[in-house]
Amino acid sequence: DILNFCANNYLGLSSHPAVIEAGVAALQQYGAGLSSVRFICGTQDLHKALEKKIAQFHEREDAILYASCFDANAGLFEVLLTPEDAVLSDELNHASIIDGIRLCKAQKYRYRHLDLDDLENKLKQAQSQRLRVIVTDGVFSMDGDVAPLRGLCDLAERYAALVFIDECHATGFLGERGRGTDELLGVMNRVHIINSTLGKALGGAAGGYTVGPKPLIDLLRQRSRPYLFSNTLPPPVVGCASKALDLLMASNQIAQSMAAKTKRFRSGMAQAGFTISGADHPICPVMLGDARLASQIAEDMLKRGIYVVGFSFPVVPRGKARIRVQISAAHSDDDIDRCVDAFRDVGRLHGVVP
């Protein structure tokens, strides 16, 4: 009996009976796939319905689906920005954001992680550019820390910049209704563009999207290369994600359950003597420092029925190896306590905690 504490299945929806049933129904009605890109014969009514639902969920004008959020990040900046523009990116943004920015010809500025003073200095340097876009993860996946969106939006308005956030580790469970980091911090009407995923909280299968102003989405449909030249999302994936959104839009009960479960794990680990990075997020990095130690502890945890994975360089900086635990709504209190007890035993075995 193995408990999984390293999946992105934040809301437990990948195994929800209604989500599975919706995927099976789409499979039976539309088949396994459509063997086409969107602009040929890869757009069916369920794709259009899901895009409309995503836009409604985020309270934006329109949305466009991609095969993954990596593709959404790869397809945005090259279309949006020219050599006369500037992009200002947090230094710890996800690799897909970094790769997407590399594809565009805009002037590139990198500001220190979560450092609004450094961002302001970079914005001042970029004032001669035609357009400025501030780019950040809403939640940073390795540390579980949240972008300071209120201050970031203040700077964007002061220096006439757009705000883009990647919400892969926030959509579905942060904020009162699970809308994400912008809802959590009260800036839903101040963030211009959101990219996120269907492959984590929203069913866990695959897929990503961009949501924002309709003119931008229309432009992406015409020019975004990952959209134009990748097969459309398979109908079962679309069906699962659509049902996951239905569940979230009908009730915030699942999303709200995450706070108590996260607090239970973080408090238990702190009492055991571990250092947990981030704050109040289901991503709970157990900081260990040494790469071999992280790997050994993960192996010993598996022997005790807890599946976790050690992270080390180049995924995280040298000397900051960790085990990234991820809490799910599917975890019971007993599951969480069992995980903490296993960490305490293994930590003592390796001399990490007293």
Side-chain angles (χ1 to χ4, degrees), residues 7-11 13-14 19-20 22-27 29-55 57-58 60 62-80 93-104 135 137-138 141 164-172 180 193-212 216-245:
N8 295 314
N9 184 27
Y10 293 110
L11 297 176
L13 295 181
S14 64
V19 173
I20 294 172
V24 171
L27 175 67
Q29 181 176 353
Y30 296 93
L34 297 173
S35 304
S36 175
V37 298
R38 283 288 299 272
F39 76 91
I40 301 177
C41 61
T43 297
Q44 299 291 307
D45 54 353
L46 79 172
H47 295 92
K48 291 183 178 181
L50 178 56
E51 288 172 333
K52 182 178 180 180
K53 194 174 295 184
I54 289 169
F57 180 79
H58 286 284
R60 265 62 175 194
D62 203 357
I64 179 173
L65 289 169
Y66 288 88
S68 68
C69 191
F70 200 113
D71 278 354
N73 285 336
L76 174 67
F77 302 105
E78 183 181 20
V79 174
L80 180 62
N93 277 337
H94 191 267
S96 61
I97 297 175
I98 294 170
D99 285 358
I101 289 173
R102 285 172 175 167
L103 293 172
C104 77
V135 176
D137 278 307
S141 62
F164 163 93
I165 57 175
D166 180 311
E167 286 282 84
C168 286
H169 291 275
T171 297
I193 308 167
I194 294 174
N195 279 6
S196 194
T197 182
L198 306 174
K200 293 181 171 61
L202 301 184
Y209 57 85
T210 296
V211 63
L216 170 64
I217 302 304
D218 289 342
L219 183 63
L220 292 173
R221 291 193 195 282
Q222 296 297 319
R223 295 182 53 191
S224 182
R225 294 167 71 88
Y227 174 83
L228 290 170
F229 300 110
S230 295
N231 261 21
T232 186
L233 276 181
V237 172
V238 178
C240 289
S242 183
K243 177 54 69 174
L245 282 170

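What you are looking at is a predicted structure, and each value in this text was computed from that prediction instead of being measured.
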Reported [atom1]-to-[atom2] distance for the pair [X] and [Y], which is rounded to 0.5 angstrom:
X	Y	atom1	atom2	result
Cys69	Leu198	SG	CG	9.0 Å
Tyr227	Leu65	OH	CG	8.0 Å
Cys240	Leu245	SG	CG	11.5 Å
Leu202	Leu11	CG	CG	7.5 Å
Thr197	Asn8	OG1	CG	8.5 Å
Leu220	Leu76	CG	CG	6.0 Å

To check you understand the geometry: which heavy-atom pair defines the closest contact between [X] and [Y], and what is its length?
X	Y	result
Ala206	Val237	O-CG1, 3.4 Å
Arg221	Ala63	NH2-O, 2.8 Å
Gly239	Leu46	N-CD1, 4.5 Å
Tyr30	Leu34	O-CD2, 4.2 Å
Leu13	Gly203	CB-N, 4.2 Å
Asn231	Ser35	ND2-CA, 4.0 Å

Start with the C-alpha gap between Ile193 and Thr210, add the side-chain angles, then the distance that decides, and say whether side chain to side chain contact (heavy atoms under 4.5 Å, CB included) holds. CA-CA 7 Å; Ile193 308 167; Thr210 296; 3.9 Å; yes
Run the salt-bridge test on Asp45 and Lys48 with the 4.0 Å N-O cut-off and return the result as yes or no. no
Between [X] (side chain) and [Y] (backbone), is there a donor-acceptor pair under 3.5 Å?
X	Y	value
Asn73	Ser96	no
Asp62	Ile217	no
Asp137	His94	yes

Just wondering, more than 12 heavy atoms not from Arg225 lying within 6.0 Å of its CZ? no
Check against side chain to side chain contact (heavy atoms under 4.5 Å, CB included), Asp166 and Asn93: CA-CA 9 Å; Asp166 180 311; Asn93 277 337; over 6 Å; no
From CA spacing to verdict: side chain to side chain contact (heavy atoms under 4.5 Å, CB included), Arg102, Phe77: CA-CA 9 Å; Arg102 285 172 175 167; Phe77 302 105; over 6 Å; no
Specify whether Tyr209 and His58 have parallel, tilted or perpendicular ring planes, treating 30° as the upper limit for parallel and 60° as the lower limit for perpendicular.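 Tilted: the ring planes of Tyr209 and His58 meet at 30° to 60°.
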Taking atom types as modelled, find out whether Lys53 and Ser242 have a side-chain donor-acceptor pair closer than 3.5 angstrom. yes
Apply the test side chain to side chain contact (heavy atoms under 4.5 Å, CB included) to residues Phe229 and Val37: give CA-CA distance (whole Å), side-chain angles for both, the deciding distance (0.1 Å), then the verdict. CA-CA 6 Å; Phe229 300 110; Val37 298; 5.5 Å; no
